[in-house]
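Heads up, the thing below is written out as structure tokens.
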Amino acid sequence: MKVKTLHSWELSQTEAIELQKTLAKRIITRDNFSEINTVCGVDVGYDKKVQQATAACVVMSYPALEVIEKVRVTTPIKLHYIPGLLSFREAPALIPAFARLKTEPDLVICDGHGLSHPRRFGLACHLGLLLDTPTIGCAKSLLIGSCSEPGVTRGSYEYIWDTGEVIGAVLRTKNGVKPVYVSTGHRIGLSSAIDFILGCTRNHRLTEPVRYADLDAV
DNA sequence: GCGACAG
DNA sequence: ATCTTGTCGC
């Protein structure tokens, strides 16, 4: 699929932070799509020994959730991990994988946050702009903000608040199991994002597309 | 200054 | 993310 070139990846930490503030203004936080028939899950694995990152994209049909296409690409590691700048470590690794994807996914689910980020520009937002595709951030732990514990049954959720605004939701995807943190990436609203995360989840805490990508990103 | 901090 | 054994439960 096509990937936009919005900027260079050769940036200092301060430049990256300024870039996030600028690009955050371009994020569309309401539903801006017609029909979702394919969903793509992504994940990146690292091998510190050889300094290589392995990105995996798994496209599945929706709502059937059957694998349509899988792509795996290995590239050199660009940066070390810095909280708040995850997209500058993962996006460069994911871009080549998306470029090699034949299917044009209608929705992308990321392993990380979207709007629930210090500058409202997590990995899901960044990827959404680069791909110009609806994206959802689905993280396994909280980065910023606060929320109360959602009910123990699948489907129950609570909002994540920060500086007086709702930036995402803590969602229980499986009975009695630790919840996930959902937030808007790009071109989608929070309530739709929650619906799709539930629609992509079966008998596991994580979304099926991301779970498959996890297994591939070795 | 102190503590927190997606993967 | 990654390094790691056994163990509890569906």
Side-chain angles (χ1 to χ4, degrees), chain A residues 9 13-14 16-17 19-21 23-24 27 41-58 72-95 97-98 108-130 135-147 152-154 159-163 166-186 190 193 197 201-207 209-218:
Chain A
W9 293 103
Q13 193 165 321
T14 18
I17 289 174
L19 182 59
Q20 290 184 322
K21 294 177 185 173
L23 295 181
I27 293 299
V42 299
D43 189 44
V44 183
Y46 300 91
D47 186 337
K48 200 173 179 181
K49 294 276 185 185
V50 291
Q51 285 294 297
Q52 285 194 322
T54 299
C57 292
V58 176
R72 196 176 70 154
V73 177
T74 294
T75 54
I77 295 179
K78 296 279 280 184
L79 265 71
H80 58 282
Y81 169 67
I82 302 170
L85 294 181
L86 179 66
S87 66
F88 290 88
R89 173 173 166 82
E90 305 225 325
L94 287 166
I95 295 312
F98 273 108
V108 174
I109 300 178
C110 303
D111 194 11
H113 289 92
L115 275 187
S116 41
H117 174 279
R119 290 165 294 280
R120 306 292 183 264
F121 198 71
L123 173 62
C125 298
H126 206 153
L127 224 43
L129 285 184
L130 292 170
T135 54
I136 298 174
C138 187
K140 298 184 289 295
S141 63
L142 198 59
L143 175 59
I144 51 146
S146 56
C147 55
V152 293
T153 59
R154 168 178 158 81
Y159 288 121
I160 301 172
W161 296 83
D162 184 52
T163 52
V166 172
I167 57 175
V170 213
L171 173 67
R172 191 83 62 183
T173 50
K174 181 178 179 179
N175 290 185
V177 170
K178 200 171 159 230
V180 293
Y181 302 81
V182 182
S183 61
T184 287
H186 185 44
L190 182 56
I197 292 300
T201 195
R202 287 285 177 267
N203 300 133
H204 296 273
R205 175 162 90 117
L206 298 183
T207 272
V210 171
R211 224 165 57 73
Y212 275 64
D214 256 315
L215 301 175
D216 254 32
V218 182

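Protein chains get the first letters and strands the later ones, always in sequence-line order, with residue 1 at the start of each.
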Interatomic distance where [atom1] belongs to [X] and [atom2] belongs to [N] [whole Å]:
| X | N | atom1 | atom2 | answer |
| --- | --- | --- | --- | --- |
| A/His117 | B/dC5 | NE2 | P | 15 Å |
| A/Asn203 | C/dG9 | CG | P | 19 Å |
| A/Ile144 | B/dG3 | CD1 | C1' | 16 Å |
| A/Lys140 | B/dA6 | NZ | P | 11 Å |
| A/Gln52 | C/dT2 | CD | P | 14 Å |
| A/Leu143 | B/dC5 | CG | P | 9 Å |
| A/Tyr81 | B/dG7 | OH | P | 7 Å |
| A/Asp162 | B/dC5 | CG | C1' | 13 Å |

Inset, instruction - Could you tell me whether the phosphate oxygens of B/dG7, OP1 or OP2, come under 4.0 Å of any side-chain nitrogen or oxygen in A/Tyr46? - result: no
Legend entry - Phosphate contact (B/dG7 OP1 or OP2) by A/Ser141 side-chain N/O below 4.0 Å: yes
If you count heavy atoms of other groups shown closer than 6.0 angstrom to [atom1] of [X], is the number above 12?
| X | atom1 | result |
| --- | --- | --- |
| A/Tyr212 | OH | no |
| A/Gln13 | CD | no |
| A/Arg72 | CZ | no |

Inset, instruction - Mind checking the CG-CZ spacing from A/Leu23 to A/Phe121? Nearest 0.5 Å is all I need. - result: 4.5 Å
Legend entry - A/Glu90 and A/Tyr81: side chain donor to acceptor below 3.5 Å: no
May I ask you to say what [X] touches in the nucleic acid, namely base, sugar-phosphate or nothing, with a heavy-atom cut-off under 4.0 Å?
| X | value |
| --- | --- |
| A/Asp111 | sugar-phosphate |
| A/Leu85 | base |
| A/Leu142 | sugar-phosphate |
| A/Gly137 | nothing |

Legend entry - Main-chain N/O of A/Leu79 paired to A/Arg89 side chain as donor or acceptor, under 3.5 Å: yes
Legend entry - Under 3.5 Å donor-acceptor, A/Thr173 side chain and A/Arg205 backbone: yes
Legend entry - Base-paired stems that DNA chain B participates in, counting runs of 3 or more Watson-Crick or G-U pairs under 3.5 Å: none
